[in-house]
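Accompanying notes for the structure given below.
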Amino acid sequence: MGDYRKLWENLNMDLEKHDLLCEALPEAFGSIYLTQENRPENMNYFNFALAEVHGARIQELNEAKEKGKKVVGTFCVFVPDEVILASGAIGVGLCSGSQFWIEDGEKVLPRNLCPLIKAFVGAKVSRTCPYFQSCDMIVGETTCDGKKKAYEIVEEYMPVHVMELPQMKREKNYEQWKDEIKLFINKMEELTGNKVTVENLKKAIDLCNRKRKALKRLYDLRKNTPSPISGLDALLVSQIAFLDDIERFIENTNKLCDELEERVKSLEPNGKKRIMVTGTPMAIPNWKLHSIVESLDAEIVVEETCTGTRYFEGEVSTEGDTIDDLLNNLADRYMNINCACFTPNEGRTEDIIRYAEEYNVDGVIYYNLSFCHTYAIEYKKVEKALKERNIPILNIETDYSEEDAGQIKTRVEAFLEMIGSGKELHTVS
Ligand code: BJ8
């Protein structure tokens with residue numbers, strides 16, 4: 001990474017503390033990622049994006065800001081990126097996946113809270129996240145209790161707009177969400193001084209759909225046995241998706257997929273167990289579960305998470321001639337995301353069952369961040385549905401620390417032994 005100290009200083013960052021973070025990340029990335037064998041060549045782009053995650057991309061964002069663009073931070077896949085883009089702003093995902101920020105988060109939040117929330121609040125209060133520091137506004141949402149209350153704390157540091165997400169999926173809830181998107185459009189117009197028109201909103205919808213298509217293409221390739229890409233690498237691509245320039249991300253993800261399509265033609269069986277991960281998101285640099293599972297005789301082939309299928313499944317229609325038509329299209333697509341904050345949420349279990357078949361999985365690991373009640377409670381329903389179909393499931397509740405890594409490894413090992421032999425070669429075109 002180049003020298004960005006001046007830039008970070010201008011962003012009012014705590015440079016000394018940030019140095020500590022910058023020391024830890026390359027080490028973790030090197031030992032987890034760069035030790036993998038036979039990685040696709042086109043992962044080099046994503047390695048570079050990660051290496052420059054606090055450098056070149058931040059410089060790019062700040063150059064855009066100098067030209068008058070606004071940068072907006074988000075924490076949930078319900079916040080429609082289309083609106084941010086249509087207003088001429090840049091969106092960045094701010095969910096944080098590092099233990100580094102937990103201590104600072106705990107200074108202002110209770111300890112018995114989900115690590116994702118403690119980390120993003122810690123990142124803000126410690127002034128060590130250059131994305132947070134580059135944002136003109138953040139957009140929260142009323143999903144889980146922890147998040148919606150945490151935005152009240154973040155509001156003491158910077159402007160916040162909170163979208164009220166309904167927690168049921170009845171007809172009136174679609175209307176409510178549509179109204180919230182309308183309010184969000186007003187807010188973005190006020191922030192940027194730009195009008196959201198039918199034309200620029202359609203263009204933004206199209207761009208986001210292209211991003212979804214690229215990710216879907218990557219995931220479809222993972223349906224092959226064996227997968228032409230490790231779960232770790234696919235996870236990195238998804239994580240970079242939340243931070244990168246959208247056009248460049250689409251181009252590089254498609255290049256990677258071109259290479260993987262070639263790889264599929266000469267796949268050799270590897271006997272590894274095919275695992276689905278379902279549950280809470282894995283924000284960068286949370287590679288803990290994937291690195292444990294893939295250090296064993298297994299490959300992760302799909303994530304039913306918000307850093308996985310929930311992020312890209314379902315496109316937004318561009319049909320219609322008015323903003324109201326497009327608002328309906330946006331509400332329809334977003335209300336189809338099956339987050340555990342909804343009640344009931346049968347759609348998620350149906351998704352998991354469908355993916356188990358489509359991705360030809362041998363077993364499912366239910367990944368739950370500690371103190372995430374909605375996903376923890378939903379476990380029983382998912383377990384019951386999978387057991388009825390003889391699909392093995394393992395429940396892992398963990399945080400960002402490495403303390404329980406050994407214990408998780410032992411449990412995953414026992415799980416893999418229990419689920420028996422790996423699948424034969426099976427290619428999907
Ligand atoms: S749509 S999963 S991104 S809310 S922060 S709910 S882990 S206790 S992130 Fe989420 Fe939107 Fe739903 Fe997806 Fe639990 Fe932690 Fe809350 Fe979390």
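Counting convention: from 1, in listed order, for ligands and their atoms alike.
- For the residue pair S96 and S98, no side-chain donor N or O sits within less than 3.5 Å of a side-chain acceptor on the partner.
- Cation-pi contact between K169 and F342: present, with separation from the ring centre below 6.0 Å and deviation from the ring axis of at most 45°.
- Under the salt bridge (Lys or Arg N to Asp or Glu O under 4.0 Å) test applied with D104, the options K17, K118, K124, R127 reduce to a single match, K17.
- For ligand 1, the atoms sitting less than 4.0 Å from at least one non-hydrogen atom of I117 are 5 (S), numbered in the order shown with element in parentheses.
- For the 3.5 Å distance criterion, the side chains of S134 and N62 qualify, holding a donor opposite an acceptor.
- Of all the atoms in ligand 1, the ones that sit under 4.0 Å from a non-hydrogen atom of C114 are 5 (S), 7 (S), 8 (S), 15 (Fe).
- Regarding atom 2 (S) of ligand 1, its nearest protein heavy-atom neighbour is Y375 OH, 3.2 Å.
- Side chains of Y355 and K223: a donor-acceptor N/O pair is absent below 3.5 angstrom, by distance only.
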Please step through ring-ring contact (aromatic ring centres under 6.0 Å, His included) for the pair Y157 and F132, ending with a clear verdict. CA-CA 10 Å; Y157 298 81; F132 242 123; 9.2 Å; no
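- The ligand atoms of ligand 1 that sit less than 4.0 angstrom from a heavy atom of T280 are 7 (S).
- With no hydrogens or angles considered, no side-chain donor-acceptor pair links N194 and E189 at under 3.5 Å.
- When only non-hydrogen protein atoms are considered, atom 14 (Fe) of ligand 1 lies nearest to C372 SG, 2.3 Å.
- Checked by atom type, the side-chain pair S227/N224 shows no donor-acceptor distance below 3.5 Å.
- Counting only protein N, O or S atoms, 1 lie closer than 2.8 Å to atom 11 (Fe) of ligand 1.
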